[in-house]
Amino acid sequence: MKVLVVNCGSSSVKYALFEMDGEKKLAWGIVECIGLPSAYYKMQTMNTEEKKEVVEITNHTEAVDLIIKELLDKNVGIIADINEIAVVGHRIVHGGDKFSRSVLVTENVKKDLEGCFSIAPLHTHAHYAGILAVERKLPNIPSVLVFDTAFYQTMPDYAYMYALPYEFYEKDHIRKYGFHGTSHNYVAQRSAAMLEKSLMELNLVTSHLGNGSSITAIEKGKVIDTSMGFTPLQGVVMGTRCGDIDPAIIAYLLDEYPQYRNGAALNDLMNKKSGLAGISGLSGDMRTIIKSANEGVKKAILAFEMLVYSIKKYISAYYGILNGIDGLVFTAGIGENSAPVREAVCKNLNILGIEIDEKKNNEDSNKERFISTDNSKVKVMVIPTNEELMIARESKMVLTSMS
Ligand code: ADP
């Protein structure tokens with residue numbers, strides 16, 4: 001069975017085509033900068049090198065048309081007929097409180113998705129455009145929506161509620177939703193396989209540390225809490241996002257700075273100009289921060305320490321909430337690649353039974369692996385995330401459960 005995974009952002013469409021028999025990734029690529037003169041298309045297949053072309057693409061429909069045309073290209077040789085694609089899986093960042101699992105696209109599902117426009121306008125409009133574009137181009141092929149937020153629907157109300165007047169929850173659906181769920185779900189499943197146990201027997205803390213970062217507490221397969229909230233701004237210090245701050249700072253900025261008297265400007269400040277970039281004044285890229293910190297740049301050292309400290313706080317809190325954990329997982333750009341961050345995060349957590357092995361931690365590998373000492377009570381793992389494969393699996397599962 002072949003599954004096409006699409007991930008529509010506001011100005012991009014990423015895709016990957018999987019053969020589920022053996023879970024092989026056949027082709028993948030991106031149409032980027034849609035609607036701009038700089039729009040381009042990149043494609044790679046398991047048999048061919050990356051190809052990149054500047055293209056004129058003004059909307060998501062044209063992007064999907066181009067992707068399908070390329071997949072059918074005889075010279076590329078990936079698929080001969082469009083009907084070889086059994087199902088299309090769409091990544092959806094925000095499913096609000098409507099969607100607790102992946103669903104087949106129907107007219108009712110599309111209506112429910114429209115209900116998410118107000119809480120995640122940028123993402124949801126782009127996803128919606130992608131769904132319509134796929135429907136138009138592939139009218140006979142079913143589509144499945146896979147939500148980043150679905151994994152978090154098991155959170156108890158006392159964890160997902162904010163202590164604001166209750167009416168804001170009722171009227172505006174203001175609550176914690178959680179993000180990166182597809183990634184946390186994937187690495188949780190992989191860690192159970194590595195530990196040779198069922199997920200139902202394990203307590204885990206999973207740390208997705210990328211440009212955006214989130215930490216999730218999972219008790220016997222069910223999420224109890226996660227660091228991101230109503231939006232992906234809450235939680236640990238990130239590349240350009242501030243993470244947790246005293247909310248009264250926002251009221252202060254509103255009162256004191258005329259330029260921050262609107263939501264867009266405040267969002268821009270907190271989402272794009274803060275975090276590692278804001279503190280260091282250099283960059284939101286962890287590699288630059290580590291390099292500068294090693295050269296003794298004080299603000300880079302501070303940014304590094306703040307990020308590490310905020311991660312440690314969540315891990316320690318979730319350890320307590322779960323009454324102990326069996327596994328701690330690191331994933332995403334920083335989690336998978338940065339031995340110094342993993343080392344600093346795990347340092348002095350031996351009180352929790354977390355001990356990493358220096359040699360294993362520094363091993364240059366892109367494979368999933370244990371990095372804890374043999375005696376460490378908590379098994380610490382590095383697991384490369386694979387959100388696309390998870391979406392492909394979910395889409396296949398929804399499709400097969402219908403037949
Ligand atoms: P996104 O959240 O955009 O998907 P990624 O998961 O790709 O991001 O993570 C990007 C982050 O990973 C960047 O901060 C980058 O600097 C960091 N990163 C990638 N490789 C390394 C490395 N070898 N050492 C430290 N940080 C790294």
Side-chain angles (χ1 to χ4, degrees), residues 5 7-16 28-30 32-33 42 91-94 122-123 126 148 178-187 190 206-216 226-228 231-243 271-295 297 299-301 303-308 310-311 329-346 356 360-369 371 382-391:
V5 173
N7 181 354
C8 292
S10 51
S11 62
S12 68
V13 180
K14 255 197 222 160
Y15 70 95
W28 59 100
I30 188 165
E32 189 85 270
C33 304
K42 270 204 293 198
R91 180 197 183 195
I92 309 291
V93 168
H94 213 313
L122 275 180
H123 284 121
D148 273 12
F179 296 89
H180 297 137
T182 310
S183 172
H184 287 282
N185 191 0
Y186 176 81
V187 298
R190 285 309 313 152
T206 48
S207 322
H208 177 112
L209 310 177
N211 284 316
S213 299
S214 59
I215 320 263
T216 295
T226 189
S227 59
M228 282 180 168
T231 75
L233 181 57
Q234 195 185 345
V236 300
V237 174
M238 303 176 226
T240 59
R241 296 177 220 165
C242 59
N271 278 291
K272 302 206 173 126
K273 305 209 166 73
S274 300
L276 297 176
I279 292 294
S280 70
L282 294 170
S283 167
D285 191 304
M286 197 57 181
R287 285 164 291 202
T288 308
I289 298 298
I290 292 176
K291 185 168 171 287
S292 305
N294 286 339
E295 288 162 0
V297 178
K299 284 182 180 167
I301 297 172
F304 181 90
E305 287 177 343
M306 286 173 70
L307 178 127
V308 166
S310 68
I311 297 170
V329 181
F330 288 98
T331 192
I334 300 173
E336 289 167 31
N337 298 304
S338 180
V341 170
R342 293 191 301 256
E343 183 186 329
V345 166
C346 293
I356 58 169
K360 289 183 193 161
N361 186 40
N362 283 292
E363 192 185 323
D364 190 13
S365 162
N366 55 10
K367 300 242 154 57
E368 58 186 31
R369 60 200 185 277
I371 57 163
V382 176
I383 304 182
T385 195
N386 198 337
E387 288 157 294
E388 289 166 342
L389 177 59
M390 194 71 205
I391 294 168

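Whatever order the structure lists ligands and atoms in, that order sets their numbers, starting from 1. For the single chain, residues carry numbers from 1 onward in sequence order.
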Minimum heavy-atom distance between Asn211 and Met238, given as atom pair plus value: O-CB, 3.4 Å
Top protein contact for atom 27 (C) of ligand 1, by heavy-atom distance: Arg287 CG, 3.7 Å
Identity and separation of the nearest protein heavy atom to atom 18 (N) of ligand 1: Gly333 O, 3.6 Å
Close-contact set for ligand 1 against Asn337 heavy atoms, below 4.0 Å: 19 (C), 20 (N), 21 (C), 22 (C), 23 (N), 24 (N)
Inter-residue atom distance Arg91.CZ - Glu387.CD, 0.5 Å rounding: 5.5 Å
Enclosure of Lys360 NZ (heavy-atom neighbours >12, cutoff 6.0 Å): yes
Any protein heavy atom < 4.0 Å from atom 4 (O) of ligand 1: no
pair Phe304-Met286: side-chain heavy atoms closer than 4.5 Å: yes
Backbone or side-chain N or O of Asn211 under 3.5 Å from ligand 1 N or O: yes
Shortest protein contact, atom 17 (C) of ligand 1 (heavy atom only): Ile334 CG1, 3.6 Å
Sequence neighbours excluded, every pair satisfying side chain to side chain donor-acceptor pair (under 3.5 Å) that has a member inside residues 274-286: Asp285-Arg287
Ala332 N/O under 3.5 Å from ligand 1 N/O: no
Ring geometry between Phe179 and His94 (parallel below 30°, tilted from 30 to 60°, perpendicular above 60°): perpendicular
Shortest protein contact, atom 16 (O) of ligand 1 (heavy atom only): Asp285 OD1, 2.4 Å
Whether Arg342 side chain and Glu336 backbone form a donor-acceptor pair below 3.5 Å: yes
Side chain to side chain donor-acceptor pair (under 3.5 Å) partners of Arg241, counting only residues at least two apart: none
Any Gly212 heavy atom less than 4.0 Å from ligand 1: yes
Nitrogen or oxygen atoms of Met286 and ligand 1 under 3.5 Å apart: yes
Element-labelled atoms of ligand 1 that are located less than 4.0 Å from some non-hydrogen atom of Ser338: 24 (N), 25 (C)
